[in-house]
Amino acid sequence: MMTSSEIKRIATYVEKGGVGKTTSAAHIAVAAHNRGHEVLLVDLAGTQNDLATHFGLSIVDEEATDDGVSIDAPISAVFGDDWAFLRDNIDDLLDRMTFPTDEGPDLIPADPGLGGADNNLANVPLEERYQKLDGFVEDLVADKYDLVIFDLPGKEDNIALNGLFAARNVVAPLKPGAFERDQLQKLDATLEEISADLDVDLGLALIIPTIISSQETLSESFVEYVTEEYPEIVGEPVTKTADIGNNQNAGRTLFAVPDDELYATGKRAREAYSANTEQLLSRLTDR
Ligand SMILES: Nc1ncnc2c1ncn2[C@@H]1O[C@H](COP(=O)(O)OP(=O)(O)O)[C@@H](O)[C@H]1O
Ligand SMILES: [Mg+2]
């Protein structure tokens, strides 16, 4: 059995939507699996269940059918008052929370209870409020997996703070745009503030310039800016490609697509995610 200290943890987080957090979480998860890791992906990003869709899993509210799987033990329970009881009394709790994907990583989908869980956490004493997810990793996840990836909401709510506290290492995808430079500086400041508040050592482990087009000057200058500001942790830019969205809709990452079905841009994006995952994993080992 692995000890908890061996599990690597990361969170995809930027206080903004549409920058590639979910896409990056999915692709890094599969790339890490392909490098031999036991990977658990956790969707904390809300009720749209983006990660489930990304892996072709359809979540249905009622009983499981041929059309979809239903959530038996939701991730939101980790944040609730009954958690300790559930954890101590249900033997196969983690198995009941996770779903296998076709591409290797296991997935805990988002569930509708996350919104309420965020509100309820506001009433939990400060010294316990942000530690719930960390406890879940220590108690259940670390025995079975060696990498856990949290896909976080694009806002600093109590769920995101739990994710940051549990993960320590932040992966920040960011796409070119007028305000994205501010976004990076804001993220730096936010992580410093949260580190002080929660008394934990949070750090940016990887910045991924995403949705990068070689034809757009904004893209080029954005990559240059990030590379100059964060030379140690900038990843390989991920090319803008229609292959990403098309395959998300088909329920798979670029890693599950045969070469002859990808554009050149899709192959480049896939290579970038491979290289970024390798860089990230070696950095986490060193930390
Ligand atoms: N490299 C890329 N090229 C083109 N579109 C992309 C790329 N990466 C992500 N997208 C698209 O951008 C949108 C936002 O990505 P997503 O990962 O859902 O962002 P977030 O989780 O930060 O909200 C999605 O429609 C996704 O398909
Ligand atoms: Mg998302």
Side-chain angles (χ1 to χ4, degrees), residues 10-31 41-57 59 75 101 103 105 107-111 114-115 118 149-157 159-160 163-164 167 170-177 179-180 183-184 186-187 190 204 206-216 218-220 222-223 226 234-257 261-277:
I10 59 176
T12 51
Y13 184 66
V14 181
E15 275 177 78
K16 189 162 193 198
V19 293
K21 291 187 297 297
T22 299
T23 304
S24 296
H27 282 80
I28 291 169
V30 176
L41 257 173
V42 185
D43 190 345
L44 296 169
T47 51
Q48 291 185 317
N49 249 318
D50 290 343
L51 275 176
T53 308
H54 205 321
F55 288 100
L57 282 170
I59 309 287
I75 185 67
T101 70
E103 297 189 45
L107 171 68
I108 300 185
D111 75 78
L114 281 170
D118 174 40
I149 303 176
F150 302 106
D151 187 29
L152 300 186
K155 57 179 188 226
E156 193 187 319
D157 63 10
I159 302 293
L164 292 171
V170 176
V171 171
L174 219 43
K175 65 177 188 186
F179 300 103
E180 312 303 332
Q183 210 74 38
L184 263 182
K186 191 175 163 211
L187 180 62
T190 305
L204 270 171
L206 180 69
I207 297 174
I208 312 179
T210 50
I211 320 185
I212 299 297
S213 160
S214 56
Q215 276 102 324
E216 292 163 23
L218 192 59
S219 275
E220 291 207 348
F222 178 70
V223 172
V226 179
V234 66
E236 199 66 41
V238 176
T239 310
K240 180 178 183 175
T241 176
D243 284 331
I244 292 223
N246 290 344
N247 285 291
Q248 275 166 344
N249 293 334
R252 58 189 187 176
T253 73
L254 297 178
F255 292 106
V257 187
E261 288 175 35
L262 288 176
Y263 298 115
T265 50
K267 285 185 213 160
R268 280 209 296 277
R270 188 174 63 186
E271 273 164 33
Y273 272 121
S274 287
N276 288 335
T277 303

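Every number for a ligand or one of its atoms is a count from 1 in the order of the listing. By convention here, the first residue in the shown sequence is residue 1.
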* Protein non-hydrogen atom below 4.0 angstrom of atom 27 (O) of ligand 1 present -> yes

* Structure fact -> Min over T241, T239, N249 of heavy-atom distance to atom 1 (N) of ligand 1 lands on T239

* Scan T23, T22, D50 and name whichever one has a side-chain hydrogen bond (donor to acceptor under 3.5 Å, both in side chains) with Q248. => T23

* Where's the contact between I244 and ligand 1, heavy-atom distance under 4.0 Å: side chain, backbone, both or neither? -> side chain

* Under 3.5 Å: donor-acceptor pair, side chain of K21, backbone of K16 -> yes

* Asked: In terms of residue, atom name and distance, what is the protein heavy atom nearest to atom 25 (O) of ligand 1?
  -> Q248 OE1, 4.5 Å

* **Ligand-side contact atoms (ligand 1) for residue partner V19, heavy atom cut-off under 4.0 Å** => 19 (O), 20 (P), 22 (O)

* Check whether any N or O atom of T22, backbone or side chain, sits under 3.5 Å from an N or O atom of ligand 1, and answer yes or no. => yes

* **Atom indices of ligand 1 within 4.0 angstrom of G17 heavy atoms, with elements** => 23 (O)

* Asked: E156 and T190: side-chain hydrogen bond (donor to acceptor under 3.5 Å, both in side chains), yes or no, with the steps?
  -> CA-CA 9 Å; E156 193 187 319; T190 305; 4.7 Å; no

* Is the closest protein non-hydrogen atom to atom 14 (C) of ligand 1 under 4.0 Å? -> yes

* Structure fact -> Which of S24, P237, P176 passes side-chain contact (heavy atoms from CB on, under 4.5 Å) with T210? It is S24

* Structure fact -> So the atoms of ligand 1 within less than 4.0 Å of a heavy atom of V238 turn out to be 1 (N)

* To do: Report yes if some heavy atom in the side chain of V257 is under 4.5 Å from a heavy atom in the side chain of D243; otherwise report no.
  => no

* Over 60° means perpendicular and under 30° means parallel, so classify the ring planes of H27 and H54, tilted if in between. => perpendicular

* To do: State if G20 counts as touching ligand 1 under the rule of any non-hydrogen atom under 4.0 Å.
  => yes

* Asked: Does any N or O in the side chain of T239 come within less than 3.5 Å of the main-chain N or O of T241, such that one atom is a donor and the other an acceptor?
  -> no

* With a 4.5 Å heavy-atom cut-off, do L187 and Y13 have their side chains touching? -> yes

* Asked: Has T12 got an N, O or S atom lying less than 2.8 Å from the Mg ion (ligand 2)?
  -> no

* Asked: Does G18 have a heavy atom less than 4.0 Å from any atom of ligand 1?
  -> yes

* To do: Using modelled atom types only, decide if a donor and an acceptor are shared between the side chain of E180 and the backbone of F222 within a distance under 3.5 Å.
  => no

* Is the side chain of D151 donor-acceptor paired with the backbone N or O of D43 at a distance under 3.5 Å, no angle test? -> no

* Tell me: protein heavy atom nearest atom 17 (O) of ligand 1, and distance? -> T23 OG1, 2.6 Å

* Is there side-chain contact between N247 and L254, with heavy atoms separated by less than 4.5 Å? -> yes

* Using a strict 4.0 Å cut-off to heavy atoms of G245, name the atoms of ligand 1 that fall inside it. => 27 (O)

* Asked: Measuring from the heavy atoms of I211, does anything fall under 4.0 Å of ligand 1?
  -> yes

* Atom indices of ligand 1, in the order listed, that fall short of 4.0 Å to a heavy atom of K240 -> 3 (N)

* Asked: Is any N or O atom of K21, backbone or side chain, closer than 3.5 Å to an N or O atom of ligand 1?
  -> yes

